[in-house]
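All figures in this text were calculated on a predicted structure; none of them were measured in a lab. Protein chains get the first letters and strands the later ones, always in sequence-line order, with residue 1 at the start of each.
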Amino acid sequence: MKTYIRPMSGWWKRNPFYLWYMLREASCVFITAYALMLLWGLYRLQQSRIQYEEWRESLSSPLSFAFHAFALVLVVYHSWTWFKIMPKTLPRMPLPDGLVVVGGVAAVVACTTALMVLI
Amino acid sequence: MNTITIECLRYHPESDAEPRFQSWPVPFTDDMSVLQGLQYIKDHLDGSLTFRWSCRMAICGSCGAMVNGVPRLTCETFLRDLYPGPVRIEPLNHFPIVRDLAIDQADFLGKLQSVKPYIIPDAEPQGTYLQTPEQMERYYQYSKCINCLLCYAACPQYGLNDRFTGPAALALLHRYNADSRDAGKAERMEVVNTEDGVWGCTLVGYCSEVCPKGVDPARAVNQNKIESTKDYFFRFFRK
Amino acid sequence: MKRSNKPIFWSLFGAGGMLSALVGPALIYKTGFSSQALGYERALLLAQNGFGKLAILAVIGLFLFHGCHRLYHSLHDFGIHVGPGLKAAFHGFAAAGTLAAAVLLAHIS
């Protein structure tokens, strides 16, 4: 039987739902880069105070500022989507879906508050 | 009576190298569905237009199509809601086109068979099965699937890799695994555990949005990622 | 039917996703927009402490496993086929980063 198979190229542009998905997935680029940046900082910390202070200095460059701004937006979006879909990814719970999402968001608020005070 | 333009993707394998769009002005009343619009075209404007339909009441699952880029049952999508149009109708995404709006379902039917969508009892049943409302609630929503394939048309992972078992088949797999009368879970886990089982899913989540029957395939698939993970790590501890 | 080894990498992906969802926003805010954060003494103190070491290792290692897992899925989403070799390279990269962090932490005393 002769059939026609349509191409998939550019599929994420066909529907806003897919664009939001791709935005969520894009956060991984920043999470990976951020981990490497911290790893570099750890390396500098292990070397000496001068080296470490140089690394901290580099964090206030315009490039670092731009990177952190994009990273913050995408990771906040990652955080929201992570808990929004949590009722589907957790094992069966005796709780309503809404409560699971609210619990997740409350945990983010608690962690953020704690880290803001501690570091 | 208002008129709306229906723009339909057409493909006749004997004469077309690739699909093309064709438009018709269709007069419609407030109670007319997109399916009735297509039937008007077939009856009055172009008898060669091919599309599947049967029940006209969202239960047979035959009339799915992309309506303005969104997978819908054409029988429960109304022309009045799409006015002034035009309305663009295409065959369900990600499936090979056989002719006009008719797609080839063979791949899905094979997958449906592979998940053993029937109760596998552990022994010869002795009389009536008893089931509590709580036990029924565990699988009930998944049993409402009508195999309309809107979820496959919503799933880019299926479009990118047609070996992926896909939302409806995995939701039905879960429907039987979650049934207290069933003892076939171990057989079905073999499908779940493969790269093209639940692991073909990246949780786009659109499958659950487009389901016309309120089934949540994304939930079934992702809860089975946990099942598969448990199966992976704990298999050595079981006898 | 061949069993996938995804459960291992999906678990690491999930742990990293959970950790980055919880602490990612605050950490990024602190390193990017707060000049007082992470002074040498406090950072050293954190890296010398056992729990601190574990926290740093978890953030770097799990963020890497989370990110790399999604990265190769994204390549697939863009239509680039990711074979077993490239997949192993992504996971190997995350593992190497984690190992590097562990070695550095072991040297800080």
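Contact of A:E53 with chain C is made through the side chain alone, with heavy-atom distances under 4.5 Å. Using a 4.5 Å cut-off between heavy atoms, C:F13 touches chain A through backbone and side chain atoms alike. Interface remark: C:F65 contributes no atoms to any contact with chain A (heavy atom separation under 4.5 Å). In this structure, no portion of A:W80 lies under 4.5 Å from any heavy atom of chain C. For a residue to count as touching a neighbouring chain, one of its non-hydrogen atoms must lie under 4.5 Å from one of that chain's; by this rule C:L62 does not touch chain A.
The shortest heavy-atom contact between A:T32 and C:C68 is OG1-N, 3.9 Å. Smallest separation of non-hydrogen atoms from A:V76 and C:P25: CG2-CB, 4.0 Å. In terms of heavy-atom proximity, C:S74 sits nearest to A:E25 at OG-CB, 3.8 Å. Scanning all heavy atoms of the two residues, the minimum distance from A:S27 to C:R70 falls at OG-NH1, 3.7 Å. Taking each heavy atom of C:Y40 and A:R49 in turn, the nearest pair found is CE1-CA, 3.3 Å.
From C:R42, atom CZ reaches atom CD1 of A:I119 across 8.5 Å, with rounding to the nearest 0.5 Å. Taken to the nearest 0.5 Å, the OG1 atom of C:T31 stands 11.0 Å off from the CZ atom of A:R56. From C:I28, atom CD1 reaches atom CG of A:L72 across 6.0 Å, with rounding to the nearest 0.5 Å.
Ring planes of C:F63 and A:Y34: tilted class, angle from 30 to 60°.
Side-chain contact between C:F78 and A:M22 is present, with at least one heavy-atom pair separated by less than 4.5 Å. Counting heavy atoms from C-beta outward, C:L38 and A:Y52 have side chains that approach closer than 4.5 Å.
Side-chain N/O atoms of A:T112 and C:Y29 include no donor and acceptor closer than 3.5 Å.
For residues 43-51 of chain C, heavy-atom neighbours of chain A at less than 4.5 Å comprise C:A43, C:L44, C:A47, sorted by residue number.
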